[in-house]
Amino acid sequence: MITLFKLMSVLPLALLQGLGWLLGWLTYALSPLYRRRLRANAAQAGVAPRLWRRSVGEAGKLVTELPRLWLGRPVPLFWDGREQVQAALNLGRGIVFLTPHLGCFEVAARAYAQAFGQVKPITVLFRPARQRWLREVVATARTGPGLQAAPTTLVGVKLLLKALKDGAAVGLLPDQVPPRGLGVMAPFFGRDAYTMTLSARLVAQTGATVLLAWGERLPWGRGFVVHVRPMDAPLPADVQQAATAINRAMETLVLACPTQYLWGYARYKSPRESL
């Protein structure tokens, strides 16, 4: 599989994303569970079929573009809101980037590392893969100049805290279901979902600036636009209220581009028991 990843990494981005479009629809056609969950989640959010159908192919692109992003030549990256990042860095309190399962998760951190990593690096929280070969690839791909990775363990959380106290940046997916005991139930598109409290706790302990970020996939392999927005208001001190506020912010981002949200993600599943 590592050899396949390396071979795919040299292919044009447009070709990889075309293959991903096919993969997305093949998965949708062959998996009744995935198909039902995707439709149910989109319906819960009130998204019209003409929009969520476009997300089917986009979900496949998320998979096939990874070899190029992880191992290949750099892809075109554009900014929408770069000034928000610079202003947050000028405050010197660190930055917590919150990115939903929207567009390409990988490019926001890479764009930051490319533009600001020499000044202050970014540490991204990730869940280690179960497959050994994939763990090796991810360990290499998610570290580099200005970019560090922290596993979803106590050690990883300590790395995030240290980064913020140094005035650097961290990145999390706040709509990822955390292990039991590390979240609260909070509404997401009108239905309670187990929601992580880590981002709120990091902000409370460090006073870091919260920024919303996501990477929009441009058509025909033209690259990605990294959108950055501030929160509408400071996070409440209460973790329940903070989780609710974060979910509302994620909803706003998702509804701005529902065709690139990962509607098939099991957002409403029960949390697992341990890290």
Side-chain angles (χ1 to χ4, degrees), residues 1-27 54-82 85 97 99-151 169-173 176 213-228 257 259-262 264-265:
M1 289 299 294
I2 293 178
T3 301
L4 177 60
F5 255 61
K6 290 180 178 178
L7 290 173
M8 292 179 67
S9 70
V10 303
L11 296 177
L13 185 60
L15 176 58
L16 290 171
Q17 291 177 341
L19 294 172
W21 185 90
L22 292 173
L23 175 65
W25 276 103
L26 184 64
T27 303
R54 290 173 57 188
S55 77
V56 174
E58 295 295 325
K61 293 177 185 179
L62 179 66
V63 176
T64 56
E65 67 198 8
L66 285 179
R68 174 65 185 273
L69 295 172
W70 284 353
L71 304 175
R73 292 179 291 106
V75 299
L77 297 174
F78 309 95
W79 283 90
D80 169 31
R82 177 171 172 156
V85 182
F97 284 104
T99 302
H101 286 80
L102 179 64
C104 180
F105 328 149
E106 295 287 329
V107 298
R110 292 177 182 277
Y112 174 93
Q114 187 181 95
F116 303 100
Q118 290 185 341
V119 179
K120 291 291 183 180
I122 183 168
T123 303
V124 179
L125 188 70
F126 78 102
R127 186 179 300 164
R130 291 191 178 97
Q131 301 90 342
R132 181 178 177 181
W133 70 268
L134 187 55
R135 285 201 304 270
E136 295 174 356
V137 172
V138 171
T140 302
R142 286 185 171 155
T143 57
L147 178 62
Q148 302 170 10
V170 304
L172 304 92
L173 274 68
Q176 189 171 54
W214 68 282
E216 179 184 4
R217 185 180 297 108
L218 297 177
W220 305 108
R222 294 203 299 267
F224 303 87
V225 178
V226 177
H227 300 275
V228 182
C257 190
T259 58
Q260 293 196 18
Y261 186 61
L262 197 64
Y265 176 64

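No experiment lies behind these values; they were computed from the predicted model shown.
Taking the side-chain hydrogen bond (donor to acceptor under 3.5 Å, both in side chains) definition, one finds that H227 meets it with D80, E216, sequence neighbours left out. Applying the side-chain contact (heavy atoms from CB on, under 4.5 Å) rule to Q114 yields the partners L77; only residues at least two apart in sequence or on another chain are considered. In this structure, the side-chain contact (heavy atoms from CB on, under 4.5 Å) partners of E58, at least two apart in sequence or on a different chain, are K61, R217, Q260. Applying the side-chain contact (heavy atoms from CB on, under 4.5 Å) test to L26 and every residue at least two apart in sequence or in another chain returns L30. With sequence neighbours left out, the side-chain contact (heavy atoms from CB on, under 4.5 Å) criterion links V85 to W79, L89, I95, F97, Y112, F116, L211, V228.
Taking the six-membered ring where the residue is Trp, W25 and W21 present tilted rings, their angle falling between 30° and 60°.
Between G146 and A113, the shortest heavy-atom distance links the atoms O-CB, 3.6 Å. Nearest approach of L71 to S9, heavy atoms of both residues: CB-CB, 3.8 Å. For A150 against T123, the heavy-atom pair with the smallest separation is CB-CG2, 3.7 Å.
Counting heavy atoms from C-beta outward, V75 and L69 have side chains that approach closer than 4.5 Å. Using a 4.5 Å heavy-atom threshold, the side chains of H101 and L173 count as touching. S55 places none of its side-chain heavy atoms less than 4.5 Å from the side chain of Y261. Inter-residue side-chain proximity for L62 and E65 is flagged as met; some heavy-atom pair is nearer than 4.5 Å. With a 4.5 Å cut-off on side-chain heavy atoms, Q176 and F126 do not count as touching.
Using modelled atom types, no side-chain atom of T99 and backbone atom of W214 make a donor-acceptor pair closer than 3.5 Å. T64 places a side-chain N or O within 3.5 Å of a backbone atom of L16 that can act as its donor or acceptor partner.
To the nearest 0.5 angstrom, E106 atom CD is 14.5 Å from R68 atom CZ. Expressed to the nearest 0.5 Å, how far CG of L23 lies from CG of L19 amounts to 9.0 Å. To the nearest 0.5 Å, atoms CZ (F105) and CG (L66) are separated by 9.0 Å.
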Stepwise side chain to side chain contact (heavy atoms under 4.5 Å, CB included) check, L147 with V124
CA-CA 8 Å; L147 178 62; V124 179; 3.9 Å; yes

Got a list of side-chain donor-acceptor pairs under 3.5 Å for residues 218-226, not counting sequence neighbours?
none

